[in-house]
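To start, the structure itself, in structure tokens.
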Amino acid sequence: MAAAGVATILTLSACAPAPASPKVTVGADCSVPASTSVPTLINKVFSCELRKAGVPEGTIATAARQADGVAWCESRHKTNAVVYGGKYLYTPNPATGYKYSAAGLFQIIRSTANAYLPGGYAKVHDPVANTRGAAAIWLWGYKRNRNPWAPWSCAPGTSAYSNAARQR
């Protein structure tokens with residue numbers, strides 16, 4: 001996605017203004033300047049969230065690199081991406097009645113977004129909120145010694161992830 005598209009979406013969230021220097025910085029709330037490219041945004045925000053949670057630096061570097069790959073595989077870095085198919089697309093969840101609709105950079109479904117994204121599903125297309133939510137989901141698995149990428153079909157180690165990496 002072009003930087004202009006990211007800028008439009010980022011202005012909807014309370015992001016810190018761009019710093020005077022060209023260096024990208026991340027605020028205490030893991031926000032980034034609106035002019036930040038999507039891959040850099042993912043790296044900075046995902047790393048910031050993991051760092052705040054006390055994850056070791058070596059693990060953070062690997063996870064942030066993988067997060068960029070997952071987002072590319074899931075949405076091709078399109079912040080406005082919405083799931084186009086799948087057997088659950090128009091099926092209401094028996095517990096909530098919501099129809100499944102994965103959206104945003106990390107293709108997060110409504111119930112998961114409401115649980116993990118700052119601002120819930122209403123912010124699913126905000127790349128900072130979506131990335132922060134993806135980091136929170138990742139942390140849930142990591143802290144329980146589970147595969148933190150298990151919730152994604154485009155997880156590292158899957159054929160979908162490998163195929164997407166070759167198309168990049």
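The shown structure was predicted, so the numbers you read here are calculated from the model rather than taken from an experiment.
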Residue pair Ser162 / Ser159, side-chain donor-acceptor N/O under 3.5 Å: no
Apply the test side-chain contact (heavy atoms from CB on, under 4.5 Å) to residues Leu41 and Phe46: give CA-CA distance (whole Å), side-chain angles for both, the deciding distance (0.1 Å), then the verdict. CA-CA 8 Å; Leu41 178 147; Phe46 206 88; over 6 Å; no
If you look at every heavy atom in Ala81 and Gln107, which pair is closest and at what distance? O-NE2, 3.2 Å
I'd like to know if Phe106 and Val55 are part of one continuous hydrophobic network [Ile/Leu/Val/Met/Phe/Trp/Tyr, side-chain heavy atoms within less than 4.5 Å]. yes
Please check if the side chain of Thr36 supplies one atom and the backbone of Pro33 the other of a donor-acceptor pair under 3.5 Å. yes
Using side-chain heavy atoms (C-beta onward) and a distance below 4.5 Å, is His77 in contact with Ile42? yes
Is a side-chain N or O of Thr158 found less than 3.5 angstrom from the main chain of Cys154, in a donor-acceptor match? no
Minimum heavy-atom separation for Thr79 to Pro127, with atom names? CG2-CB, 3.7 Å
I'd like to know if Arg168 pairs up with Asp68 as an ion pair, taking the criterion as any Lys NZ or Arg NE/NH1/NH2 lying under 4.0 Å from an Asp or Glu carboxylate oxygen. yes
Starting at CD1 of Ile60, measure out to CZ of Arg65 and round the result to the nearest 0.5 Å. 12.5 Å
Report yes if some heavy atom in the side chain of Lys123 is under 4.5 Å from a heavy atom in the side chain of Asn130; otherwise report no. no
Are Glu74 and Trp152 close enough that some pair of their side-chain heavy atoms sits under 4.5 Å apart? yes
To check you understand the geometry: which heavy-atom pair defines the closest contact between Ser47 and Ala64, and what is its length? OG-CB, 3.4 Å
Hey, does Ile108 have a side-chain heavy atom less than 4.5 Å from the side chain of Leu117? yes
Taking the side chain as every heavy atom from C-beta outward, state whether Thr112 and Tyr121 have any atom pair closer than 4.5 Å. no
Close side-chain approach of Trp149 and Tyr161, heavy atoms under 4.5 Å: no
The reported gap from CG in Asn80 to NE2 in His125 (rounded to nearest 0.5 angstrom) is 7.0 Å
Contact check, side chains of Val70 and Pro156, non-hydrogen atoms, under 4.5 Å: yes
Could you tell me whether the side chain of Arg132 reaches within less than 4.5 Å of the side chain of Val45, counting heavy atoms only? yes
Rounded at 0.5 Å granularity, tell me how far CH2 in Trp138 sits from CG in Leu50. 4.5 Å
In this structure, OG of Ser37 is separated from NZ of Lys44 (nearest 0.5 Å) by 10.0 Å
Apply the test side-chain contact (heavy atoms from CB on, under 4.5 Å) to residues Leu105 and Lys78: give CA-CA distance (whole Å), side-chain angles for both, the deciding distance (0.1 Å), then the verdict. CA-CA 6 Å; Leu105 288 173; Lys78 294 179 181 152; over 6 Å; no
With the 4.5 Å side-chain cut-off for hydrophobic clustering, are Tyr116 and Val124 part of the same group? yes
Smallest heavy-atom separation, Gly133 atom then Pro118 atom, equals N-CD, 4.3 Å
Does Thr131 use its side chain to pair, donor to acceptor, with the backbone of Val128 at less than 3.5 Å? no
